[in-house]
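All figures in this text were calculated on a predicted structure; none of them were measured in a lab.
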Amino acid sequence: MKYYLILKFVTLFILLTFVVGGCKDFVQSIEPPLDSTEDINLNSEKEIEFLILGVKGKFAASYSELSCLAGGLSDELIYAVLPGATYPQFFEIDAGDIKLNNNTVENAINNLGSFRFHADTLLGRALSNNFSYTDSLGNTYNGWKDSSVRKNAIFTGYFYGGLARYMWA
């Protein structure tokens, strides 16, 4: 009985420690992340070139992973099991017996999904007319300031979005 009472107080103490430690105001002075931004910060015409470069970068990463995996699945690449080889995921791909927990394939799929999402998001922003700009006289206009940037964004969104779907197939 005494053991049960002590266990009950220790459990209560640990629970209260987590509750107090998990409060929002308990941890202070945390800087915002440097490698990400909120979606609303990308809703301007001057960010379109940045988004285009992001889509092209995602394409490069997806293509490099998928071309290696496709080469391993076909007869283009052969994974030779050498003494000391420590990466059995490529052996599974070469044998055509890919397990569900093969993280190499999972990483490629996640990267390809992110590539398609970024291309579609760029296209959605390019087709919208929600941008506004202010000229040198202080007049505010709705729409695109530079139509060539819009055309480039629409082309990039359609082209790389279609390419992502082709790579899925």
Side-chain angles (χ1 to χ4, degrees), residues 11 14-15 17-131 144 149-169:
T11 306
I14 291 172
L15 182 65
T17 303
F18 283 120
V19 169
V20 171
C23 291
K24 182 179 177 184
D25 296 332
F26 186 73
V27 179
Q28 298 175 8
S29 302
I30 295 179
E31 297 178 12
L34 297 174
D35 62 344
S36 62
T37 186
E38 294 180 12
D39 190 51
I40 196 164
N41 294 336
L42 299 173
N43 284 336
S44 67
E45 187 175 349
K46 64 182 180 180
E47 299 297 335
I48 292 295
E49 291 295 328
F50 172 72
L51 294 172
I52 289 172
L53 287 176
V55 168
K56 290 178 180 180
K58 282 292 185 184
F59 163 72
S62 298
Y63 182 77
S64 68
E65 287 184 2
L66 290 175
S67 62
C68 180
L69 294 177
L73 191 57
S74 69
D75 290 334
E76 176 186 5
L77 302 174
I78 297 172
Y79 183 80
V81 181
L82 299 174
T86 59
Y87 210 67
Q89 290 86 352
F90 285 134
F91 178 72
E92 292 175 6
I93 294 168
D94 187 35
D97 185 25
I98 302 170
K99 307 276 190 292
L100 291 176
N101 63 350
N102 190 326
N103 60 353
T104 304
V105 176
E106 185 177 338
N107 291 340
I109 289 172
N110 290 340
N111 212 0
L112 183 58
S114 177
F115 166 48
R116 188 205 54 83
F117 175 76
H118 287 328
D120 290 349
T121 303
L122 171 67
L123 182 62
R125 288 182 205 276
L127 292 176
S128 73
N129 207 14
N130 297 339
F131 300 142
W144 287 77
V149 173
R150 181 174 190 255
K151 289 178 184 178
N152 187 17
I154 289 173
F155 170 77
T156 303
Y158 276 129
F159 179 75
Y160 284 102
L163 193 57
R165 284 162 178 81
Y166 174 77
M167 292 166 85
W168 271 115

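- To the nearest 0.5 Å, atom OH of residue Tyr160 and atom OH of residue Tyr166 are 15.5 Å apart.
- Contact detail for Leu66 and Ala108: the closest heavy-atom pair is CD2-CB, 3.9 Å.
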Would Met167 and Phe115 count as a side chain to side chain contact (heavy atoms under 4.5 Å, CB included) here? Give the steps.
CA-CA 10 Å; Met167 292 166 85; Phe115 166 48; 4.0 Å; yes
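- Rounding to the nearest 0.5 Å places NZ of Lys58 at 11.0 Å from CZ of Phe117.
- How far CG of Asn152 is from CZ of Phe159: 12.0 Å, rounded to the nearest 0.5 Å.
- With a 4.5 Å cut-off on side-chain heavy atoms, Ile154 and Tyr158 count as touching.
- Residue Glu65 holds its CD atom at 9.5 Å from CG of Leu112, rounded to the nearest 0.5 Å.
- From Thr121, atom OG1 reaches atom CZ of Arg116 across 8.0 Å, with rounding to the nearest 0.5 Å.
- Between the side chain of Ser62 and the backbone N or O of Phe59 there is no donor-acceptor pair closer than 3.5 Å.
- Partner of Lys99 under the side chain to side chain donor-acceptor pair (under 3.5 Å) criterion, chosen from Asn101, Asp97, Asn102: Asp97.
- Between the side chain of Asn111 and the backbone N or O of Asn107 there is no donor-acceptor pair closer than 3.5 Å.
- Annotation: side chain of Val149 is in contact with side chain of Glu49 (closest heavy-atom distance under 4.5 Å).
- Taking 4.5 Å as the limit, some side-chain heavy atom of Leu51 sits within range of a side-chain heavy atom of Ile48.
- Gln89 contributes atom CD, which lies 10.5 Å from atom CG of Leu69 (distance to the nearest 0.5 angstrom).
- Put simply, the side chain of Ser114 never gets that close to the backbone of Asn110: no donor and acceptor are under 3.5 Å apart.
- Looking only at distances, a side-chain donor or acceptor of Arg165 sits under 3.5 Å from a matching main-chain atom of Gly161.
- Minimum heavy-atom separation, Leu73 to Ile93: CD1-O, 3.4 Å.
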